[in-house]
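Take a look at the structure below.
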2 protein chains.
Amino acid sequence: MINVKGKSPKHSPQAGIRCDDCPIQNVCFPKELSHQELKDISAASVKHRIVHQGEFLCHAGERFSSIYVVHSGFFKSIKRFYNGYEQIIGFQMSGDVIGLDGIASNSFASDVIALETSEVCLIDYTTIESDTTVKKLHRHFDKVFSREIIRLQNMTLLLGGMNANQKIAAFLINLSKRFEKLSYSPSEFYLRMTRVELASYLGLTNATISRTFTQFKNHDLIKTSGRKIIIHDYEKLLSIILDNSLTQGF
Amino acid sequence: MINVKGKSPKHSPQAGIRCDDCPIQNVCFPKELSHQELKDISAASVKHRIVHQGEFLCHAGERFSSIYVVHSGFFKSIKRFYNGYEQIIGFQMSGDVIGLDGIASNSFASDVIALETSEVCLIDYTTIESDTTVKKLHRHFDKVFSREIIRLQNMTLLLGGMNANQKIAAFLINLSKRFEKLSYSPSEFYLRMTRVELASYLGLTNATISRTFTQFKNHDLIKTSGRKIIIHDYEKLLSIILDNSLTQGF
DNA sequence: CGGAGAGTTGACAAAAGTCAAACACGGTGG
DNA sequence: CCACCGTGTTTGACTTTTGTCAACTCTCCG
């Protein structure tokens, strides 16, 4: 298991940054804003913070209220898995935005840790929302956005951290869940894609897909005939994803 | 090279769907909307379309104006690389949202192709924007969102489709560009992360990172001493990413 | 000067890719 | 109705890439 952990957080003082002469103000605000608008908005909804090396900018699960923009310094963001596996899913430097994954569920989806002493700007998410009736719709689409970001984050975990067995088990379980949500059978369904398409999706080759399906069949985890999939042992599929050692074992 | 292409698009007729009795209406609209609000908004900004198997829902580069929600059927989305390499970055089924990557630059960032005859709902992006002054800010943050989605899409390409040499070349070039944008030297910089962190990010091990750096040094592509990187042959690094065959060749 | 953490390197093992042959299966046309 | 074709799938033999484990080196700091 790779150690990508950060130190426990310490005190985080305020930084002395002003938005109106910030060289990366175009990251935080649209160019079309007048000088006065920018001043007003930044006064109302922007704060600044210093984060020292090794400190957490935010923790996965922590309540979301601000989007962060890196003013100076360097961060890593980490996604953790239930079994303790963790993987870096991004490095952020000056001008990069952190925390977009927090909007979907009002809590951050990854840990972010400073790799050197850094300054960040906090943009208060609640105050940049509009007051009109369309606000609801915007809020809604922000969540859609954020969910897509989380999905892609999970995709990087899968592609960067899993072997072929794990990837395919994860794929099957994911599909099973999605079918169940739509009130279709979670244990018996047809794939709509070819093996080649599946291979492209999972960063594998179709030969490996085939072999792994065969392997899963031989261990009575699933039954397949062509595109039809029957999941026999959901729990074992899950354990393959979570526990690397099992993967080799069977 | 994997063939994940779709057929050339044909005629795409309208589908007969109504939002107010749609089982997945909560995907397109927030729950808090009244029945009347939902009716008004859907009348104003939602259209429907049938896409037959093999047809494109949208092309990368095509002008963006709507977000798509899958009503029924199955899609694949594909990201293409300059050199012709292509990779599937997602499968979408009923309730999944397509096209969020189009907001950043007003054009879609990936091809989306139907794997079976499907119905989609088009949500007109322009009409769901608010009219207040805060509109600019929202529009701005939508772009920030969308850019993050595109970054993660590119990450899945890297993790799913590249070998160690390509991943590391891509990482160095990406970092070089980002430093250049911030008016730092693009050819000489310090890494802020350990080899272990880099390995976690790229889905490799630190041993492989080290070996690849050494290999790059031996071929005069870069010079390293500890965390300091000097890029000697940017063009060759680029060609490693783009051309698989070169990767083996040197 | 010594110790800790980070980085490099070597020997070997395991995973996945490559290439090619064989097989399955659905659709089409004789 | 059946032979044939094309597309997709499975499987085998072999190769390449990357991982694993461990030893060794380097560098920075106290």
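Each chain gets a letter, A, B and so on, in the order the sequences are listed, and its residues count up from 1.
Atom pair B/Asn165:CG and D/dG19:C1' shows a separation of 15 Å (rounding to whole Å applied). A straight line from CG of B/Asn206 to P of C/dT8 spans 9 Å, rounded to a whole angstrom. Remark: C1' of C/dC25 and NZ of A/Lys228 are 17 Å apart, rounded to the nearest angstrom. For the pair A/Met162 CE and C/dA16 P, the computed distance is 13 Å after rounding to whole Å. Distance, A/Ile168 CD1 to D/dT10 C1': 14 Å, rounded to whole Å. Taking atom CD on B/Gln166 and atom C1' on D/dT16, their separation rounds to 14 Å, with Å as the unit. The NZ atom of B/Lys167 sits 12 Å away from the C1' atom of D/dG19 (whole-angstrom rounding). Per the geometry, CD belonging to A/Glu197 stands 14 Å off P belonging to D/dT7, to the nearest Å.
Side-chain atoms of B/Leu221 and B/Gln215, non-hydrogen and from C-beta on, never get closer than 4.5 Å to each other.
Across C/dT9, D/dG8, D/dG19, the shortest atom-to-atom separation from the side chain of B/Thr214 is found for C/dT9. The side chain of B/Arg211 has D/dT20 as its nearest neighbour among C/dG17, D/dT20, C/dC19. Here the side chain of B/Asn163 is nearest to one of C/dT8, D/dT17, C/dA16, namely D/dT17. Which of D/dT10, D/dT20, D/dT9 sits closest to the side chain of B/Ala207 comes down to D/dT20. Residue A/Leu204 has its side chain nearest to C/dG17 when only D/dT10, C/dG17, D/dT20 are considered.
Between the side chains of B/Ser77 and B/Gln92, at least one donor-acceptor pair of N or O atoms lies under 3.5 Å.
When atom types are taken as modelled, the side chain of A/Gln166 and the backbone of A/Ile241 share a donor-acceptor pair closer than 3.5 angstrom. Judged purely by atom type and a 3.5 angstrom limit, A/Asp111 uses its side chain to pair as donor or acceptor with the backbone of A/Ala60.
In this structure, B/Ser210 reaches the bases: a heavy-atom distance under 4.0 Å links it to at least one base atom across the strands shown.
Between B/Thr208 and D/dG19 there is a side-chain N or O to OP1 or OP2 distance below 4.0 Å. Applying the 4.0 Å criterion to OP1 and OP2 of C/dA6, one finds that B/Arg227 has every side-chain N and O outside that range.
When ring centroids are compared, B/Phe189 and B/Tyr184 stay outside the 6.0 Å threshold.
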